[in-house]
Amino acid sequence: MTNGNSLDPWYDSYAQRTAGLSASEVRALFAVASRPEVVSLAGGMPFVSALPRELVTGSIDRVMAEDAAMALQYGGGQGLRSLREHIVDVMSLEGIRASAEDVVVTTGSQHALDLVTRLFIDPGDVVLAESPSYVGAIGVFRSYQAETVHVATDELGLVPEALRETIARLRAAGKRMKFLYTIPNFHNPAGVTMSRERRIEVLDICRSNNILVLEDNPYGLLWFDEPAPQAIRSIDDEGVVYLGSFSKTLAPGFRVGWALAPHAIREKLVLANESAVLAPNSFGQYVVNAYLDAADWKGQVDTFRGIYAERRDAMLSALGEFLPDLSWTVPNGGFFVWLTLPESLDSKGMLPRAVKELVAYTPGTAFFADGRGAGNIRLSFCYPTPEQIRVGVKRLASVVNDELELVETFGSASRSSSSVSTSTVSSPQPNMP
């Protein structure tokens, strides 16, 4: 044992990869954002109060009456067979034809993301990811000592030409690229959706460069005006690992997600799953399975869609009223709007003032691995009511305007234009796709 330091006597004993472990900027906000007087536009928490309690208690009662001995016991590393069959039915709504044999149940899709990264990444390998990208994924990649390289996006999702250029540049530098991580539907945090034409082109680029596509799709069924294009996995069985979750369409507390993978990868995922947790949550699997057996789960998804669409509209309306000179994305589903600030403002530096004014958001820096994002804010509309959203955006507008006055009075160094994501559209038009 070495001496460590005064705060942690084991500091010198940790593995090198622990240097990649850091607190999520989103989770750091939870303690503040949970105060009742604060309007939180920060966390992507589903509005679980819209889930009728009797649907959940009925499912639990059936499990305890009929399957308690199995539900309270260890299970298999691949997950409950009948649940995997239901998952195949769920994925069919997005054009995926699959076998339950190639589904691996995990403890939420975040766990599946960790398992895939564990299987493929050696220290120094490159993960390609959209610009911006999901904060939880960036944390996983960092923890396995991967280099995350962002690829430009716009209102139609990942830009194929930017992907080609990035791959060519990295290859010329001798980098090993293992997979492309993408959230094609109602992106977190950008809110944009990849067009069908781009899905085909992006997949072709990855095929030709022997790069796996990791398709993360927790929001796909939560569309508002029209369904998203069919999943990338529906186009290719062998070059895509698809991640799904019941956290957004049922409830995150069950911690049930899954991975659909080509056969050889699936075998390794089961082994990695067993190594990490022995078996995914048996009780949660049985309850979700009972819910899918008996409840009108498609009708419940429709209910969620209506609630989130109303809240999306409330946010767009409030932005148009209180921050008309800024620009933002217009999501056709999911939970998030991506706001672009004036050039002189810094979203992370502005956050303490916002919290003091009783509104919370997530600064754009959380969604980049390379320090960018100071010019952006992720706003979440899924949890607060429409009335709270309007109040929160009004408070945010007050903070933005006060910051602009300070800059005008005292001056401030402008941010580099590279800190602003291209994933924005200007002008508040609620009917845009």
Exercise. Any donor and acceptor pair, going by atom type alone, linking the side chain of D236 with main-chain N or O of G239 inside 3.5 Å?
Worked result: yes
For this session: Flag the pair E357 and R353 as a salt bridge only when some basic side-chain nitrogen lies within less than 4.0 angstrom of an acidic carboxylate oxygen.
Result: no
For this session: Look at the side chain of D216 and the backbone N and O of T182, then say whether any donor-acceptor pair between them is shorter than 3.5 Å.
Result: no
Problem set entry | Test side chain to side chain contact (heavy atoms under 4.5 Å, CB included) applied to E94 and Y242, step by step | CA-CA 12 Å; E94 298 188 270; Y242 175 98; 3.2 Å; yes
Exercise. Would you call D370-R372 a salt bridge at under 4.0 Å N-O?
Worked result: yes
For this session: Count the heavy atoms of every other residue, nucleotide or ligand shown that sit under 6.0 Å from CZ of R196, and state whether that count exceeds 12.
Result: no
Problem set entry | NZ/NE/NH1/NH2 to OD/OE distance under 4.0 Å, R390 and E321 | yes
Problem set entry | Between H187 and E130: side-chain donor-acceptor atoms closer than 3.5 Å | yes
Problem set entry | Sub-4.5 Å side-chain heavy-atom contact between V256 and V287 | no
Problem set entry | Parallel, tilted or perpendicular: ring planes of Y11 versus Y14, cut at 30 and 60 degrees | perpendicular
For this session: Please check if atom CD in E54 has more than 12 non-hydrogen atoms from other residues, nucleotides or ligands closer than 6.0 Å.
Result: yes
Problem set entry | Distance-only side-chain donor-acceptor flag, N376 / T340, under 3.5 Å | yes
For this session: Could you check whether the rings of F120 and F179 sit parallel, tilted or perpendicular, using 30° and 60° as the cut-offs?
Result: perpendicular
Problem set entry | Q110 side chain to Y134 side chain, donor-acceptor N/O pair below 3.5 angstrom | yes
Exercise. Does the cation-pi check pass for R62 over Y291, that is, NZ or CZ under 6.0 Å from the six-membered ring centre and within 45° of its axis?
Worked result: no
For this session: Give a yes-or-no answer on whether the side chains of T193 and N185 include a donor-acceptor pair shorter than 3.5 Å.
Result: no
Exercise. Under 3.5 Å, is there a donor-acceptor pair between the R312 and N332 side chains?
Worked result: no
Exercise. Does the side chain of V90 reach to within under 4.5 Å of the side chain of W297, using non-hydrogen atoms?
Worked result: yes
Exercise. Do the side chains of R199 and Q230 get nearer than 4.5 Å, heavy atoms only?
Worked result: no
Exercise. Have R255 and T106 got a donor and an acceptor in their side chains that come within less than 3.5 Å?
Worked result: no
Exercise. So do the side chains of L163 and V159 get within less than 4.5 Å of each other, counting heavy atoms only?
Worked result: no
Exercise. When you measure from the side chain of Q388 to the backbone N and O of V39, does any donor-acceptor pair fall under 3.5 Å?
Worked result: no
Exercise. So, the side chain of R266 versus the backbone of E101: is there a donor-acceptor pair under 3.5 Å, distance only?
Worked result: yes
Exercise. Yes or no on side chain to side chain contact (heavy atoms under 4.5 Å, CB included) for S282 and Y74, after CA distance, side-chain angles and deciding distance?
Worked result: CA-CA 7 Å; S282 292; Y74 291 114; 5.6 Å; no
Exercise. Less than 6.0 Å separating the ring centroids of Y219 and F335?
Worked result: yes
Exercise. So with a 6.0 Å cut-off around CZ of F224, is the heavy-atom count from everything else above 12?
Worked result: yes
For this session: Determine yes or no for a side-chain-to-main-chain donor-acceptor pair under 3.5 angstrom, with N273 supplying the side chain and V105 the backbone.
Result: yes
Exercise. Is the backbone of P218 close enough, under 3.5 Å, to the side chain of S245 for a donor and an acceptor to pair up by distance?
Worked result: no
For this session: Say whether D125 and Y144, considering side chains only, have a donor N or O and an acceptor N or O under 3.5 Å apart.
Result: no
Problem set entry | Atom pair OG/OH of S347 and Y361 - distance to nearest 0.5 Å | 5.5 Å
Exercise. Going by an N to O cut-off under 4.0 Å, is there a salt bridge joining R198 and D154?
Worked result: yes
Problem set entry | Side-chain donor or acceptor of S317 paired with backbone N/O of D313 under 3.5 Å | no
Problem set entry | Side chains of I265 and L212 in contact at under 4.5 Å (non-hydrogen atoms) | yes
Exercise. Relative to W223, does R305 satisfy both conditions: NZ or CZ under 6.0 angstrom from the six-membered ring centre, and within 45 degrees of the ring's axis?
Worked result: yes
